[in-house]
Amino acid sequence: ALEPYMGLPYTLTALVVIILGGMGNILGSLIGGFVLGLIITTGVALTSPVFSFVILYLLFILVILFLPAGILGRRLR
């Protein structure tokens, strides 16, 4: 069955990966996706699969707070 919002979790995850790595930085997005995958997999293994999106958004909030330009993003002057 097709639904209008069936791709929304994947779209939100991709958006978090892009922002995590730094906007427009391909290497940063690759590193961000790898780090995100490791953290979510470890978090789900230690807790429950229900918390995968909670872990995703907590990591997103932490990166925005401490590294607003992303992992490899450049700071604006």
Side-chain angles (χ1 to χ4, degrees):
L2 295 175
E3 297 177 17
Y5 297 108
M6 63 189 298
L8 188 63
Y10 304 112
T11 305
L12 290 176
T13 304
L15 178 68
V16 170
V17 166
I18 290 170
I19 293 174
L20 186 71
M23 297 291 288
N25 192 341
I26 296 174
L27 181 62
S29 294
L30 287 172
I31 293 170
F34 185 71
V35 168
L36 184 71
L38 283 176
I39 290 176
I40 287 179
T41 303
T42 305
V44 166
L46 295 176
T47 59
S48 172
V50 177
F51 295 121
S52 66
F53 279 107
V54 173
I55 296 168
L56 172 77
Y57 294 128
L58 283 175
L59 179 67
F60 178 63
I61 290 169
L62 288 174
V63 167
I64 291 298
L65 285 175
F66 296 110
L67 298 170
I71 292 175
L72 294 180
R74 291 185 220 137
R75 294 181 188 254
L76 297 176
R77 293 180 185 233

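Note that these values count all heavy atoms, side chains included, but never hydrogens, waters or copies made by symmetry.
Evaluated for a side chain to side chain contact (heavy atoms under 4.5 Å, CB included) with Leu20, the options Ile64, Val63, Leu67, Leu56 yield exactly one hit, Val63.
The side-chain contact (heavy atoms from CB on, under 4.5 Å) search around Leu62 returns Phe66, not counting sequence neighbours. For Leu15, the side-chain contact (heavy atoms from CB on, under 4.5 Å) partners are Ile19, not counting sequence neighbours.
Note that OG1 of Thr13 is 9.0 Å distant from CG of Leu8, once rounded to the nearest 0.5 Å. Within the model, atoms CG of Leu30 and CG of Asn25 stand 9.0 Å from one another, a figure rounded to the nearest 0.5 Å. The CG atom of Leu65 sits 7.5 Å away from atom CD1 of Ile61, with the distance rounded to the nearest 0.5 Å.
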Show me the donor-acceptor pairs within less than 3.5 Å that the side chains of residues 31-50 make with the rest of the protein, sequence neighbours left out.
| residue | atom | partner | partner atom | Å |
| --- | --- | --- | --- | --- |
| Thr41 | OG1 | Gly37 | O | 2.7 |
| Thr42 | OG1 | Leu38 | O | 2.8 |
| Thr47 | OG1 | Gly43 | O | 2.6 |
| Ser48 | OG | Val50 | N | 3.4 |

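What you find for Gly22 and Ser29 is that their closest heavy atoms are O-OG, 4.3 Å.
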